[in-house]
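Treat the numbers as computed from the prediction; the structure is a model and nothing was measured. Counting starts at 1 for both ligands and their atoms, following the listed order.
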Amino acid sequence: MAKFKRILLKLSGESLQGGQGYGIDRDRLAEYAEQIKDVASAGVQIGIVIGGGNIFRGLSGAASGLDRVKGDQMGMLATVINSLALSSALTAIGVKARVMTAVRMEPIGEFYNKWAAIEAMSRGEVVIMSCGTGQPYFTTDTGSSLRGIEIEADVMLKGTRVDGIYTADPEKDPTATRFDEISYDEVLRRGLRVMDITAIAMCKENNLPIQVFNMDQPGNLRRVIDGEAVGTFVHP
Ligand code: UDP
């Protein structure tokens, strides 16, 4: 029995780039699609939010002189590109998937609405919700908190390149240790940069737990679904 009935899976854009440093790595994309298929076949309802950092981030645009709002709109479009790529990879292996957009752009994607998303997930379709929140000055982490709460997900699963939340950045500090579990308040108090403050605050206020785990380890998504202690659990 799967531990969760409905999940919101957050994937960062950066992890889609694999080792190539930019854009979409085909092998990584296919591997993610396989992991998602495995979980879908276990009967779990799946909503997905993908970032766009492998293509464009509004903040870096602003740093190089671009208008921030236009830069953020470019970032949101980057999430659409990633979402289309993932839906295509899922369809290619026989998983029904649809892309919704928080900004109107039919026929590229259907304009997001909560009830249509839940209905599709209930029918076994994977729903990829793109454009984050649809508003500038937000991130896709906040987009996934928002969507996770809206679709009444049991948990937000944040798939990253590290295997959980550490006391410090494990890539920079060899003495960093990993939490098996931690509260939202502790994450905020320690200033741990697992997600932005807005995203954490939304999850806290609406009681959406978060599991942070390494999605680049094949089979890990299924392990989380099966209730294995993989990564770090963030709770009230
Ligand atoms: N973005 C935005 N509003 C949102 C979500 C995303 O403006 O609700 C823009 C923002 O510029 C952000 C970019 O889209 O930098 C890509 O998203 P994010 O940085 O969250 O991607 P990730 O780091 O997960 O790859």
S.K.: When you measure from atom 7 (O) of ligand 1 to every protein heavy atom, which one gives the shortest distance, and what is it?
M.R.: D72 CB, 3.1 Å
S.K.: Report yes or no: does Q20 contribute a side-chain atom to a donor-acceptor pair with the main-chain N or O of Y22 at less than 3.5 Å?
M.R.: yes
S.K.: Would you say A78 contacts ligand 1, with heavy atoms under 4.0 Å as the rule?
M.R.: no
S.K.: So, 4.0 Å and heavy atoms of K10: is ligand 1 close enough to count as a contact?
M.R.: yes
S.K.: Going by the order shown, which atoms of ligand 1 are within less than 4.0 Å of some heavy atom of G53?
M.R.: 21 (O), 22 (P), 25 (O)
S.K.: Indicate yes or no: does an N/O atom of F138 lie under 3.5 Å from an N/O atom of ligand 1?
M.R.: yes
S.K.: Could you tell me which non-hydrogen atom of A153 sits nearest to which non-hydrogen atom of L208, and how far apart they are?
M.R.: O-CD1, 3.5 Å
S.K.: Strictly distance-based, threshold 3.5 Å: is any side-chain N or O of T140 a donor or acceptor partner for the main-chain N or O of G143?
M.R.: no
S.K.: Decide yes or no for P170 and V162: does some side-chain heavy atom of the first lie under 4.5 Å from some side-chain heavy atom of the second?
M.R.: yes
S.K.: Please answer whether the main-chain N or O of T160 pairs with a side-chain N or O of E14 as donor and acceptor at a distance below 3.5 Å.
M.R.: no
S.K.: Is the positively charged end of R223 above the ring of F213, judged by distance under 6.0 angstrom from the centroid and angle within 45° of the axis?
M.R.: no
S.K.: Q135 heavy atoms, cut-off 4.0 Å: which ligand 1 atoms fall inside?
M.R.: 2 (C), 3 (N), 4 (C), 7 (O), 8 (O)
S.K.: Where do K114 and E150 land on the salt bridge (charged side-chain N to carboxylate O under 4.0 Å, His left out) test, with the steps shown first?
M.R.: CA-CA 6 Å; K114 164 190 169 158; E150 276 190 280; over 6 Å; no
S.K.: For atom 18 (P) of ligand 1, tell me which residue out of I50, N54, T140 has the closest non-hydrogen atom.
M.R.: T140
S.K.: Checking the side chain of R190 only, and the main-chain atoms of T167 only, is there a donor and an acceptor separated by less than 3.5 Å?
M.R.: no
S.K.: Is it the case that ligand 1 has an N or O less than 3.5 angstrom from some N or O of G58?
M.R.: yes
S.K.: Nearest protein heavy-atom contact for atom 5 (C) of ligand 1: which residue, which atom, what distance?
M.R.: T139 C, 3.4 Å
S.K.: Report the member of G75, G13, G52 with the shortest heavy-atom distance to atom 21 (O) of ligand 1.
M.R.: G52
S.K.: Are D25 and R28 ion-paired here, with the side-chain N under 4.0 Å from a carboxylate O?
M.R.: no
S.K.: Can you tell which part of M76 has a heavy atom less than 4.0 Å from ligand 1: side chain, backbone, both or neither?
M.R.: both
S.K.: Side chain or backbone, does S12 bring an N or O within less than 3.5 Å of an N or O on ligand 1?
M.R.: no
S.K.: Note the single closest protein heavy atom to atom 19 (O) of ligand 1, along with its residue, its atom name and the distance in Å.
M.R.: R57 NE, 3.1 Å
S.K.: Relative to ligand 1, is Q73 under 4.0 angstrom through side chain, backbone, both or neither, heavy atoms considered?
M.R.: neither
S.K.: Measuring from atom 22 (P) of ligand 1, which candidate in G51, P136, G71, S60 has the nearest non-hydrogen atom?
M.R.: G51
S.K.: Output the distance between atom OG1 (T232) and atom NZ (K158), rounded to the nearest 0.5 Å.
M.R.: 12.0 Å
